[in-house]
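Notes follow the structure.
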Amino acid sequence: MHEPMIVRYFHPDTGRRLGIRLGESVYDVTGQVGSLSSWLKSSQNRVEEAIEELIQVAQGSNQSYPAALFDRTPVEDQPHWLAPIDHQDVWAAGVTYEQSRKARQEEAVDGGDVYARVYDADRPELFFKAQGPWVVGPFDQVGIRYDASWSVPEPELGLLLNPALEVVGLVAGNDVSSRDIEGENPLYLPQAKIYTASCSLGPGILLRPLTIEWPSLSVQIEIRRGNKVVFSGDTHTGRIRRRPGDLIDYLGRALRFPDGVVLL
């Protein structure tokens with residue numbers, strides 16, 4: 001059996017809905033669960049039990065759709081996927097791979113000493129990326145700053161955390177960035193990272209609790225122009241320098257997330 005995923009979708013007959021994807025079918029759970037925010041609040045200190053209850057609700061749902069129905073560019077009057085979060089902010093941890101440190105140093109006009117220092121420091125780099133409603137979903141278009149000359153996609157592993165900062169699931173993310181703007185001056189990071197449609201998530205939240213170590217996963221990217229692959233690459237979660245708990249600890253030290261949060 002496929003691992004369950006939380007998804008959000010639009011259907012012209014019912015509007016914006018919350019669903020659980022099991023295999024190739026999507027089961028509407030909006031009536032029983034409400035919203036992702038509501039479910040995350042209810043999952044505090046009982047993550048595995050809450051996930052099992054959610055699967056049972058999905059299996060008892062009287063409304064389901066083939067998942068392929070939503071695989072299309074979002075159009076207002078047709079079924080399509082939405083970003084899998086609602087009111088959750090998205091934050092990100094930077095310079096967590098050695099390759100990231102090297103690349104940022106190479107791009108920086110001043111040599112990037114700040115990136116070398118944060119890579120080895122106890123305190124990680126954490127930055128705000130997007131509010132939930134800003135996030136782009138599957139098959140939609142990400143944004144590119146008009147005043148940037150070098151914009152890149154950045155494939156990310158995202159952790160979905162409930163208000164107790166417990167990991168309830170994993171999600172693929174894209175931290176779109178303007179590399180030339182950040183390279184000019186690290187203080188320009190918010191402008192390089194935060195702009196319209198600069199974050200995408202999806203297709204759904206893989207429901208999988210996480211405790212101490214990263215799951216063993218490959219993170220891949222492929223860029224196509226037309227039908228031609230112009231770039232492909234991959235990394236592995238085994239190369240992440242910091243542990244999940246360390247990043248989550250710093251994220252929640254002086255900030256609360258009453259609706260939960262995504263950490264890329």
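On a predicted model such as this, the values are computed, not experimentally measured, just so you know.
Note: Y9 and Y65 meet the aromatic proximity criterion, with ring centroids under 6.0 Å apart. In this structure, the ring of F70 has its center no less than 6.0 angstrom from the ring center of H80.
Using a 4.5 Å heavy-atom cutoff, the side chains of M5 and P203 are in contact. I248 places none of its side-chain heavy atoms less than 4.5 Å from the side chain of E166. Side chains of I221 and I223 form a contact here, defined as non-hydrogen atoms less than 4.5 Å apart. L264 is listed as a side-chain neighbour of V90, based on a closest heavy-atom distance under 4.5 Å. Side chains of L170 and L157 form a contact here, defined as non-hydrogen atoms less than 4.5 Å apart. Taking 4.5 Å as the limit, every side-chain heavy atom of R17 sits out of range of all side-chain heavy atoms of F10. Looking only at side-chain heavy atoms (C-beta outward), L159 and V262 stay at 4.5 Å or farther from each other. A heavy-atom distance below 4.5 Å is not found between the side chains of Q63 and T30.
In terms of modelled atom types and a separation under 3.5 Å, the side chain of N174 and the main chain of E154 share a donor-acceptor contact. Put simply, the side chain of W214 gets close to the backbone of R242: a donor and an acceptor are under 3.5 Å apart. At distances below 3.5 Å, at least one donor-acceptor pair connects side-chain atoms of K129 with backbone N or O atoms of S198. Within the 3.5 Å criterion, the main-chain N or O of D28 finds a donor-acceptor partner in the side chain of S61. Under a 3.5 Å cut-off, the side chain of R208 and the backbone N or O of G169 do not form any donor-acceptor pair. Checking side-chain atoms of T237 against main-chain N and O of P215 turns up a donor-acceptor pair under 3.5 Å. Using a distance-only test at 3.5 Å, with no hydrogens or angles considered, a donor-acceptor pair links the side chain of R8 to the main chain of I85. Side-chain N or O atoms of R21 include none that pairs as donor or acceptor with a backbone N or O of A67 at under 3.5 Å.
Residues A93 and L263 approach most closely at N-CD1, 4.0 Å, considering heavy atoms. When all heavy atoms of V47 and P209 are compared, the pair lying nearest together is CG1-CG, 3.9 Å. Residues I55 and P4 come closest through the heavy atom pair CD1-CG, 3.6 Å. Between G202 and V171, the shortest heavy-atom contact is N-CG2, 3.7 Å. The two residues V136 and A197 have their closest heavy-atom pair at CG2-CB, 3.5 Å. Shown here for A148 and I181, the closest heavy-atom pair between the two residues is CB-CD1, 4.0 Å.
For the atom pair W39 CH2 and L207 CG, the distance stands at 5.0 Å (nearest 0.5 Å). Of the inter-residue distances, the one linking E156 atom CD with S200 atom OG reads 10.0 Å to the nearest 0.5 angstrom. Within the model, atoms OH of Y195 and OG of S178 stand 4.0 Å from one another, a figure rounded to the nearest 0.5 Å. Atom CG of L247 and atom CD1 of I240 lie 8.0 Å apart (nearest 0.5 Å). Q88 contributes atom CD, which lies 6.5 Å from atom CG of L160 (distance to the nearest 0.5 angstrom). Note that CD of E49 is 11.0 Å distant from CD1 of I51, once rounded to the nearest 0.5 Å.
Atom CD of Q131 sits in a crowded spot, with more than 12 heavy atoms from other residues, nucleotides or ligands closer than 6.0 Å. Within 6.0 Å of CD1 on I144 lie no more than 12 heavy atoms contributed by other residues, nucleotides or ligands. Atom CG of D122 has 12 or fewer heavy atoms from other residues, nucleotides or ligands within 6.0 Å. Other residues, nucleotides and ligands contribute at most 12 non-hydrogen atoms within 6.0 Å of the CZ atom of F231. Shown here is R72, whose CZ atom has more than 12 heavy atoms of other residues, nucleotides or ligands within 6.0 Å.
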Given salt bridge (charged side-chain N to carboxylate O under 4.0 Å, His left out), test E52 with R46 step by step and report yes or no. CA-CA 10 Å; E52 185 58 37; R46 53 186 300 275; over 6 Å; no

Criterion side-chain contact (heavy atoms from CB on, under 4.5 Å) on L36 and I6, from CA distance to verdict: CA-CA 8 Å; L36 178 60; I6 294 178; 3.8 Å; yes

Trace of the side-chain contact (heavy atoms from CB on, under 4.5 Å) decision for K193 with E182: CA-CA 8 Å; K193 293 286 191 178; E182 182 182 354; 4.2 Å; yes

Would I20 and Q59 count as a side-chain contact (heavy atoms from CB on, under 4.5 Å) if you check the C-alpha gap in whole Å, the side-chain angles of each, and the deciding distance to 0.1 Å? CA-CA 9 Å; I20 300 299; Q59 291 172 337; over 6 Å; no

Set out, in order, the CA-CA distance, both residues' side-chain angles and the distance that settles salt bridge (charged side-chain N to carboxylate O under 4.0 Å, His left out) for D259 and K41, then state yes or no. CA-CA 7 Å; D259 292 302; K41 292 173 184 177; 3.5 Å; yes

Do S218 and D234 pass the side-chain hydrogen bond (donor to acceptor under 3.5 Å, both in side chains) test, and can you show the C-alpha distance, the side-chain angles, and the key distance before you say yes or no? CA-CA 7 Å; S218 174; D234 66 89; 4.5 Å; no

Under the side-chain contact (heavy atoms from CB on, under 4.5 Å) criterion, do L40 and S42 qualify, and how do the steps go? CA-CA 5 Å; L40 287 174; S42 74; over 6 Å; no

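Residues W134 and V142 fall into different hydrophobic clusters, defined by Ile, Leu, Val, Met, Phe, Trp and Tyr side chains chained together at heavy-atom separations under 4.5 Å. Cluster membership check: V57 shares its hydrophobic cluster with Y27, using side-chain heavy-atom separations under 4.5 Å among Ile, Leu, Val, Met, Phe, Trp and Tyr. Linking ILVMFWY side-chain heavy atoms closer than 4.5 Å, directly or via other members, places L69 and L82 in two distinct hydrophobic clusters. Using a 4.5 Å cut-off between side-chain heavy atoms of Ile, Leu, Val, Met, Phe, Trp and Tyr, with links allowed through other members, L161 and F127 fall into different hydrophobic clusters. Criterion: ILVMFWY side-chain heavy atoms under 4.5 Å apart, direct or through other members. Under it, W91 and L210 are part of a common hydrophobic cluster.
In this structure, a donor-acceptor pair under 3.5 Å is absent between the side chains of H87 and S35. Under 3.5 Å, the side chains of Q220 and S232 contain no donor-acceptor pair of N or O atoms. In this model, a donor atom of one side chain and an acceptor atom of the other lie less than 3.5 Å apart for N162 and S43.
Remark: R123 is not positioned above the aromatic ring of Y250, lacking an NZ or CZ atom under 6.0 angstrom from the ring centre and at most 45 degrees off the axis.
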